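Note that the structure is a prediction, hence the values are computed from the model and not measured.
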Amino acid sequence: MHMSAEPPSASSAPRPELFLALKRTESTFEEIPVIDIRDARSEDPVKRRKLADLIRDACINVNIVGFFYIQSHGIPDKVIENTVNAGKRFFALPEETKMQRKCLRSECTVYEQLDIHKTTNFKGYTALLGENTDAKGLGDLHEGFDIGWEPSTKEEGDKNGVASPSSSLAREDGVMTGENVWPEGLPGFKEPVLEYYHRALEVGKLLFPLFALALDFPENFFDDKTTKPAAIMRLLHYPPQSPTSFEADPDGRQIGIGAHTDYECFTILWQDRAGGLQVQNTAGKWVDAVPIPGTLVVNLGDQFARWTNDIFKSTLHRVINRSGEERYSIPLFFGTNYDVLLEPISTCVTPGAPYKYEVMTAGEYVKSRLEATYSHSVAV
């Protein structure tokens with residue numbers, strides 16, 4: 001049964017005048033705000049409400065739309081460092097090693113694929129130019145490794161990371177069901193990656209009640225829609241772009257990652273000091289989201305846009321690595337359960353602002369976007 005995004009009752013629904021008063025205007029923002037989220041853990045509802053108001057301003061305000069930094073997120077530096085180092089070790093492997101792994105099940109002798117094109121749920125390795133996020137682009141100049149939900153601790157029948165024939169680490173996720181795939185012969189990779197994944201999940205769980213308050217819903221509005229949150233995490237590596245590449249490609253059709261919006265409710269991004277992330281304002285200007293030590297970047301995604309009929313709107317962004325250094329980043333795309341219908345919240349639709357989007361489940365939407373992203377290239 002598909003779950004609805006409708007408010008639990010009329011009395012707890014957002015006031016229609018809220019959306020009229022805070023109607024999103026076309027923004028020419030120049031800066032991205034920094035928000036300290038330590039009060040998300042406070043027992044004082046007044047403090048949580050004030051924090052939610054800051055987030056609402058960052059999402060709807062006339063000057064800033066859909067992007068903000070967060071401080072006091074709670075992920076230890078050591079956890080981040082271990083995960084980044086694990087990613088660097090993986091990306092340094094030969095290309096053929098990154099593309100395949102030996103089957104981890106004891107009875108299996110054939111090679112299975114890490115190539116993301118050969119998995120049914122878009123998990124695994126993406127080679128350089130293996131995806132194309134901008135339909136007008138010529139392929140993205142990055143490589144990546146994608147995972148989804150998996151338990152953070154070893155379960156019974158999962159000894160030393162080797163699953164028994166009867167056990168499965170796959171969760172029932174409809175069209176996105178499937179296990180993660182992990183490289184063989186790379187000890188110390190899976191454990192730190194999963195630890196960061198679950199730490200970032202906790203940050204996302206802190207943010208959802210704040211987004212609910214920002215929409216004038218009860219703090220628990222999203223609870224029943226995120227019992228199995230569809231969080232995809234990527235380890236990304238961007239080689240530096242040669243200065244001469246811009247002479248041959250003045251339109252920027254082949255950059256680190258082309259202009260796009262994210263597919264889920266929101267994204268939680270760690271980025272290194274190389275920089276390169278840019279956000280587009282409605283004047284068409286690209287604003288740098290410069291790395292700020294100790295912060296993560298949060299941006300709205302398409303699922304929120306569809307739910308709120310663009311009151312929360314996802315914003316175009318891209319990456320161009322002009323630093324002359326290798327760039328590494330870790331985005332976690334936090335979405336609703338895959339079986340939730342992305343139908344309009346009634347208070348976000350008026351006669352003057354009819355619903356803009358086709359209704360579908362979150363899983364159907366994410367899969368359709370991933371299929372479009374990878375359709376330009378073929379399995380290696």
Side-chain angles (χ1 to χ4, degrees), residues 26-29 32 65-67 115-117 122 124-146 232-267 269 271 274-290 297-306 310 313-323 327-333 335 356-358 364-380:
E26 294 307 308
S27 168
T28 56
F29 65 91
I32 299 170
V65 180
F67 263 77
D115 181 2
I116 203 166
H117 297 85
F122 297 98
Y125 174 66
T126 304
L128 201 67
L129 303 179
E131 72 179 288
N132 192 48
T133 51
D134 184 347
K136 297 178 289 186
L138 300 174
D140 295 334
L141 290 171
H142 70 260
E143 56 180 340
F145 185 81
D146 290 36
I232 297 173
M233 190 177 89
R234 312 194 72 192
L235 304 179
L236 293 175
H237 167 228
Y238 297 81
Q241 286 190 243
S242 167
T244 59
S245 68
F246 301 104
E247 299 174 9
D249 181 26
D251 296 326
R253 297 181 65 199
Q254 194 169 80
I255 58 178
I257 188 166
H260 67 286
T261 57
D262 292 338
Y263 315 150
E264 289 79 5
C265 291
F266 56 87
T267 303
L269 171 76
Q271 58 176 336
L277 174 63
Q278 297 181 323
V279 187
Q280 189 180 58
N281 67 18
T282 55
K285 179 178 180 179
W286 289 101
V287 178
D288 292 324
V290 298
V297 178
V298 175
N299 64 273
L300 299 181
D302 296 344
Q303 288 183 16
F304 263 161
R306 297 172 80 92
D310 279 348
K313 188 170 184 177
S314 47
T315 301
L316 274 176
H317 53 286
R318 68 182 185 183
V319 172
I320 304 177
N321 184 14
R322 294 190 175 104
S323 68
R327 179 185 191 266
Y328 297 91
S329 67
I330 312 172
L332 182 132
F333 307 96
K356 303 176 181 180
Y357 300 104
E358 176 188 358
E364 291 167 340
Y365 178 72
V366 171
K367 188 171 186 179
S368 70
R369 291 294 305 270
L370 289 171
E371 287 172 342
T373 295
Y374 291 104
S375 63
H376 84 290
S377 58
V378 297
V380 183

- Item | Pairwise distance OG1(T133) to OH(Y263) - rounded to 0.5 angstrom | 6.5 Å

- Worked check of salt bridge (charged side-chain N to carboxylate O under 4.0 Å, His left out) between R369 and D302: CA-CA 10 Å; R369 291 294 305 270; D302 296 344; 2.5 Å; yes

- Decide side chain to side chain contact (heavy atoms under 4.5 Å, CB included) for Y328 and L235; before the verdict, give the C-alpha distance in whole Å, the side-chain angles of both, and the deciding distance to 0.1 Å. CA-CA 8 Å; Y328 297 91; L235 304 179; over 6 Å; no

- Query: Of the non-hydrogen atoms in T315 and G66, which two are nearest, and what is the gap between them?
  - Reply: OG1-CA, 4.4 Å

- Task: Answer yes or no: is there a side-chain heavy-atom contact under 4.5 Å between N299 and V279?
- Result: no

- Message: Please report the interatomic distance CD1(I320) to CD1(I257), rounded to the nearest 0.5 Å.
- Response: 12.0 Å

- Message: Just verifying a value: how many Å separate N132 CG and Q254 CD, rounded to the nearest 0.5 Å?
- Response: 9.0 Å

- Task: Please report the closest heavy-atom contact between F266 and F304, naming both atoms and the distance.
- Result: CD2-CE1, 3.8 Å

- Note on the structure: Rounded to the nearest 0.5 angstrom, the CG-CG distance for L269 and L332 is 10.0 Å

- Message: Do D140 and L129 make a side-chain contact, defined as non-hydrogen atoms from C-beta onward lying under 4.5 Å apart?
- Response: no

- Item | Closest heavy-atom pair and its distance - W286, A259 | CH2-CB, 3.8 Å

- Task: Find the distance between OH (Y238) and CG (L128) and round it off to the nearest 0.5 Å.
- Result: 11.5 Å

- Non-hydrogen side-chain atoms of K313 and T261 separated by less than 4.5 Å: no

- Going from CG on L316 to CD on Q278, what distance comes out if it is rounded to the nearest 0.5 angstrom? 12.0 Å

- Task: Test R327 against every option in H142, Q271, Q241, H237 by the side-chain hydrogen bond (donor to acceptor under 3.5 Å, both in side chains) rule and name the one that passes.
- Result: Q271

- So, R306 side chain and E358 main chain: donor-acceptor pair closer than 3.5 Å or not? yes

- Task: With sequence neighbours excluded, tell me which residues meet salt bridge (Lys or Arg N to Asp or Glu O under 4.0 Å) with R234.
- Result: E131, D146

- If you look at every heavy atom in I32 and A289, which pair is closest and at what distance? CD1-CB, 3.7 Å

- Task: Looking only at non-hydrogen atoms, find the nearest pair between P239 and L141 and report the distance.
- Result: CD-O, 3.6 Å

- Note on the structure: Residues G301 and S314: closest non-hydrogen pair is C-CB, 3.6 Å

- Task: Report the relative orientation of the aromatic rings in H317 and H260; use parallel for angles under 30°, tilted for 30 to 60°, perpendicular for over 60°.
- Result: tilted

